[in-house]
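Report on the structure given below.
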Amino acid sequence: MSTTLKFTNIKGNAMATYSELMAQAQALMSQAEQARKNELAAAIADIKAKMKEYGITVADLGGAMTGAKKAAKSKSKAAAKYRGPNGELWAGGPGRKPEWVRAVLAAGKSVEDYRI
C-alpha cells in the first residue's frame with residue numbers, strides 16, 4: 001500500500017509531491033545537459049573555424065600536442081634517507097609524511113629505525 005501525501009500552499013493550491021519534484025528536477029537536468037552538449041559542440045566548431053582561418057595551432061595556444069607524452073615528474077630531488085617496511089623510499093623532507101611513516105609513528109616506533 002503506497003500513500004502519496006499532497007500538501008497545499010498558503011493559497012490552498014495543491015503542491016507537488018517530493019517524487020514529482022524530483023522527476024521534474026531530473027528532466028530539467030537532462031535538458032540542461034543536452035543544451036550544454038549542443039553549446040559545447042557549437043563552441044568547438046567556432047574555435048576550429050577560427051584556428052583554420054588564422055592558422056593557429058594547439059601549440060600557439062599553449063596546449064600539448066595530441067599524442068605527445070609528457071615526461072614523468074620526479075616527486076623529490078632529494079636522496080632517500082629512509083626505507084619503509086615494504087621497500088618504500090622517503091627523503092624525510094618537509095610536507096606530508098608517507099602513509100608508511102605515519103603508520104610507523106602511530107605504532108609508537110621511531111622512523112630512525114628505517115634510516116638507510
Side-chain angles (χ1 to χ4, degrees):
M1 171 172 124
S2 174
T3 306
T4 303
L5 296 175
K6 285 278 190 176
F7 296 97
T8 56
N9 62 16
I10 296 174
K11 295 181 181 181
N13 298 329
M15 294 175 43
T17 64
Y18 173 77
S19 351
E20 291 169 340
L21 290 172
M22 286 305 292
Q24 290 174 9
Q26 295 251 328
L28 283 173
M29 287 305 294
S30 178
Q31 289 176 358
E33 181 60 20
Q34 187 58 49
R36 185 190 72 79
K37 286 179 181 178
N38 292 343
E39 290 174 20
L40 182 61
I44 290 171
D46 184 49
I47 291 168
K48 284 181 177 181
K50 288 192 187 312
M51 288 177 72
K52 185 175 182 180
E53 179 181 351
Y54 294 101
I56 298 170
T57 66
V58 174
D60 294 334
L61 300 174
M65 297 298 293
T66 53
K69 293 185 179 181
K70 291 184 179 180
K73 282 187 174 181
S74 172
K75 286 190 173 192
S76 174
K77 294 180 183 176
K81 295 179 186 173
Y82 304 93
R83 183 179 311 275
N86 296 318
E88 311 93 337
L89 297 176
W90 180 48
R96 186 173 178 186
K97 293 176 177 59
E99 183 62 37
W100 72 266
V101 173
R102 287 183 277 158
V104 164
L105 295 174
K109 298 178 186 174
S110 172
V111 73
E112 289 303 316
D113 296 338
Y114 295 90
R115 185 175 277 278
I116 299 175

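- When side chains are defined from C-beta on, Val111 does not count as touching Lys97, because their heavy atoms never get closer than 4.5 Å.
- For Glu33 and Arg36, the salt-bridge test passes: some basic side-chain N is under 4.0 Å from an acidic carboxylate O.
- The two residues Gly55 and Asp60 make their nearest non-hydrogen contact at O-OD2, 3.8 Å.
- Tyr54 and Leu61 end up in the same hydrophobic cluster when Ile, Leu, Val, Met, Phe, Trp and Tyr side chains are linked at under 4.5 Å.
- Side-chain N or O atoms of Asn38 include none that pairs as donor or acceptor with a backbone N or O of Ala35 at under 3.5 Å.
- Atom CZ of Arg96 has 12 or fewer neighbouring heavy atoms from other residues, nucleotides or ligands inside a 6.0 Å radius.
- Both Ile47 and Val58 belong to a common hydrophobic cluster when Ile, Leu, Val, Met, Phe, Trp and Tyr are linked at side-chain heavy-atom distances under 4.5 angstrom.
- The environment of CD in Gln26 is sparse: at most 12 heavy-atom neighbours from other residues, nucleotides or ligands sit within 6.0 Å.
- Grouped by direct or indirect side-chain proximity (heavy atoms under 4.5 Å, Ile/Leu/Val/Met/Phe/Trp/Tyr only), Leu21 sits alone.
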field: Derivation of the salt bridge (charged side-chain N to carboxylate O under 4.0 Å, His left out) call for Lys50 and Glu53
entry: CA-CA 5 Å; Lys50 288 192 187 312; Glu53 179 181 351; 5.5 Å; no
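- A pairwise comparison of heavy atoms in Thr17 and Glu20 identifies N-OE1, 2.9 Å as the closest pair.
- Evaluation of the ring pair (Phe, Tyr, Trp, His ring centres under 6.0 Å) test over residues 96-116, restricted to residues two or more places apart or in two chains, returns Trp100-Tyr114.
- Side-chain atoms of Tyr82 and Glu88 include no donor-acceptor pair closer than 3.5 Å.
- Between Ala91 and Ala79, the shortest heavy-atom distance links the atoms CB-O, 3.6 Å.
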